[in-house]
Each structure stands twice: as structure tokens, then as C-alpha cells.
Amino acid sequence: METAPERLEAHRCFGGTQLRLRHDSAVLGCPMHFSLFLPPQADSGPVPVLWWLSGLTCSDENFVQKAGAQRQAAALGLAIVCPDTSPRGLGLPGEETDWDFGTGAGYYVNATQAPWAAHYRMYDYVTAELPALVRRHFPLAPAEAISGHSMGGHGALVCALRQPGRYAAVSALAPISHPSVSPWGRKAFGRLLGQDESAWSDYDACTLIERGARLPALLIDQGEDDPFRETQLMPEHLRAACERAGQPLQLRLQPGYDHSYFFVATFIDAHLAHAARGLGLD
């Protein structure tokens, strides 16, 4: 029988509660942490949820501690679930060697290559196992939106493109838009998915859009001074793919902003408002 997630931390926050929890993941084969903000409205019944996917080197705690999202989430009546970014502590060879691969860098794919395939199944974790778990144990409504930053922005786009109609709103901040071309993406996909690049297309937002997948009206914020903008993130590739496909996109280039959580904190309220509109909370 499944046990409730273990509560590690609970903090009163803007009338709601910020939780950090741990559970045993059958999909990933290891214990996993996640964070959950429950707004004050959850005391009266189920509330809609925003899934926030974080970027390279992050855990579930970065967004919680640095983005400052709880104030507006509490006002909107929006729960926020922050999964971790990879399995941890498995002892796989090469898992801890590089900052941009392995621990903290699961890329939200289901790996097919040894030794990663047995554990690095973050797509199934964030779209199936964890949603089912939190809804069984917390007052979360079926309505959901998704967003993320950098690698997590890539994950948010891919999760939504692969499951049309599931998420009422989709957005991202500085996403890795074209990972099949990005050096970060190519390195990870080659190891997790194999050297046959045709297998990568299921996890590439630009390719999925070109193949006909569609999203609700998409909001992207990108810092103009982000050092990874041209070499890794490639927002112009996403703009071009959306223009060719007729996919509605608001791509906002923000002068002077970089890739940090200062950038995320500056624009997170706009992404919460975007989620709220899609979810009918505004």
C-alpha cells in the first residue's frame, strides 16, 4: 500500500503553506524530493495547480526559495508543485562527472540507453507518477498549467506538446528551445536516448511543433543579456517554428536580463497571471 509522502518541512506563507516532501518513486527507483505550495484557498477545497520544472543544477528548492512566487499564487488560489530535476544518489557511472549531465540534469525525458534507462525516466515521473501521488494526498483539482526555466522550460514545452489539451496554460522562461541542436541537448540526448537522432524528436519543442503538435497561446520570456541565448537556448528557432506552424507565441526579449533567478523573479508574476487566465482564475 502506498504511504503518504513524508513531510520534511512546512512553512506558513502568505496564508498558505509551503511544503517540502519525500517519497519513494517506483518510476525512478529511488527516493525523491518535491516541493508543494498550497494557497489558503486549499483549506476549503481542491485548487488548480501549476507545475514548475527547474533547470540544470537545480533541485526542487531553487524556485521555492528564489522566485518569490508564493505571494501571487496565494492571491490567485493556485498551488505550485516543483519536482526535483533528476534521480539522485544512484551511483551510476558518470552521474556526478559533469554539471550539465546526470544529477540535476534529467532533461525530462524517458532514457532508453543503459545505464540510464532504468532510472532516468523524468518524463513519466513529472507527467504521471508525481501528479497521481499529489492528487491522492493533497487538495489539488484536475485543472493544471505548466511552466519552467531553462532545461525546465524545455521540459514544460515538451510535456505540453506531447499531451495536447492537458495543460490549460503553458509558458517558459529562457527555455532550451531546440535541444536537438543545442550542445547541452545533444550531449544529454546522445547519452540518454542514443546516437540515432530521429529518436530525439519526441523531446524537441521545435520539431514537435513542426510535426503538428500545438499548445495554448504560449508565453516565453528571454533575457537579451543571457549568455546562453544564442548558443544553447535558441529562442529564435522557436519563434521561426511557431511562425511556420501558426502556433500563437508571445516571445518577449527583456533588455539587460540574464539567465539567473533574478530574471525569473522579475517576470514570474506574469507567468502566474498567464496560468491563471488559462485556468479561469482571473
Side-chain angles (χ1 to χ4, degrees), residues 2-25 31-55 57-86 88 104 125-127 129-150 152-153 155-156 167-169 171-173 221 260-282:
E2 177 187 273
T3 59
E6 178 187 2
R7 182 176 295 195
L8 302 176
E9 296 182 34
H11 306 282
R12 201 68 175 156
C13 187
F14 298 107
T17 306
Q18 180 65 61
L19 299 166
R20 190 166 194 240
L21 304 116
R22 178 171 55 209
H23 75 110
D24 291 326
S25 169
M32 290 293 289
H33 296 84
F34 67 96
S35 292
L36 166 64
F37 176 70
L38 290 172
Q41 294 85 344
D43 293 340
S44 302
V47 294
V49 60
L50 172 68
W51 293 92
W52 174 267
L53 305 185
S54 291
T57 74
C58 291
S59 71
D60 59 292
E61 295 188 284
N62 295 72
F63 179 81
V64 168
Q65 296 175 356
K66 296 181 179 181
Q70 292 93 340
R71 182 192 296 272
Q72 179 144 326
L76 293 168
L78 182 63
I80 305 177
V81 180
C82 304
D84 203 347
T85 53
S86 77
R88 294 181 187 265
Y125 179 69
V126 301
T127 63
E129 184 182 35
L130 187 58
L133 176 79
V134 295
R135 287 196 172 94
R136 283 193 293 270
H137 295 283
F138 299 98
L140 302 182
E144 55 190 342
I146 193 166
S147 187
H149 173 233
S150 193
Y167 301 97
S171 72
L173 292 100
D221 275 308
S260 70
Y261 258 87
F262 296 107
F263 159 68
V264 174
T266 300
F267 297 104
I268 191 59
D269 281 0
H271 289 257
L272 295 176
H274 178 78
R277 284 192 295 273
L279 293 163
L281 294 177
D282 58 348

From CA spacing to verdict: side-chain contact (heavy atoms from CB on, under 4.5 Å), Val126, Trp51: CA-CA 9 Å; Val126 301; Trp51 293 92; 5.6 Å; no
Criterion side-chain contact (heavy atoms from CB on, under 4.5 Å) on Arg135 and Glu144, from CA distance to verdict: CA-CA 11 Å; Arg135 287 196 172 94; Glu144 55 190 342; 3.3 Å; yes
Evaluation steps, side-chain contact (heavy atoms from CB on, under 4.5 Å), between Asp221 and His271: CA-CA 9 Å; Asp221 275 308; His271 289 257; 2.7 Å; yes
side-chain contact (heavy atoms from CB on, under 4.5 Å) between Thr85 and Arg88, intermediate numbers included: CA-CA 9 Å; Thr85 53; Arg88 294 181 187 265; 3.6 Å; yes
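Between His33 atom NE2 and Glu6 atom CD the span is 8.0 Å, to the nearest 0.5 Å. Leu19 contributes atom CG, which lies 11.5 Å from atom SG of Cys82 (distance to the nearest 0.5 angstrom). Atom CG of Leu140 and atom CG of Leu38 lie 6.5 Å apart (nearest 0.5 Å). For the atom pair OG of Ser147 and OH of Tyr167, the computed distance is 12.0 Å after rounding to the nearest 0.5 Å. Remark: Lys66 NZ to Ser54 OG distance equals 10.0 Å, nearest 0.5 Å. Put simply, CG on Leu50 and CG on Leu281 are 10.5 Å apart, with the number rounded to the nearest 0.5 Å.
Heavy-atom minimum distance, Ala156 versus Leu53: N-CD1, 3.5 Å. The two residues Gly77 and Val47 come nearest to each other via the heavy atoms O-CB, 3.6 Å. Between Phe267 and Leu173 the shortest heavy-atom distance is CB-CD2, 4.0 Å. Heavy atoms only, all atoms of each residue included: Pro46 and Ala141 are closest at CB-N, 3.7 Å. Of all heavy-atom pairs between Gln72 and Ala273, the closest is NE2-N, 3.7 Å. The two residues Asn62 and Ser59 come nearest to each other via the heavy atoms OD1-N, 2.8 Å.
Results of the side-chain contact (heavy atoms from CB on, under 4.5 Å) test with Phe138 over Leu21, Val49, Val81, Leu133 single out Leu21 as the only residue that passes.
Side-chain atoms of Arg12 come within 3.5 Å of backbone atoms of Gly15 as a donor-acceptor pair (strictly under, hydrogens ignored). Judged by distance alone, with hydrogens and angles left aside, the side-chain atoms of Arg22 form no donor-acceptor pair with the main-chain N or O of Pro5 at under 3.5 Å. Proximity of a side-chain donor or acceptor of Glu9 to a complementary backbone N or O of Arg20 within less than 3.5 Å is not detected. Judged by distance alone, with hydrogens and angles left aside, the side-chain atoms of Gln41 form a donor-acceptor pair with the main-chain N or O of Ala74 at under 3.5 Å. Under the 3.5 Å distance criterion, the side-chain polar atoms of Glu61 are left unmatched by any main-chain donor or acceptor of Ser35.
Side-chain contact check for Ile80 versus Val64: every heavy-atom pair is 4.5 Å or farther apart. No side-chain heavy atom of Leu272 sits under 4.5 Å from any side-chain heavy atom of Trp52.
Taking the six-membered ring where tryptophan is involved, the planes of His23 and Phe34 are perpendicular, since the angle between them exceeds 60° and thus also 30°.
Remark: the Ser171 side chain and the His274 side chain contain no N/O donor-acceptor pair separated by less than 3.5 Å.
Aromatic ring centres of Phe63 and His149: separated by at least 6.0 Å.
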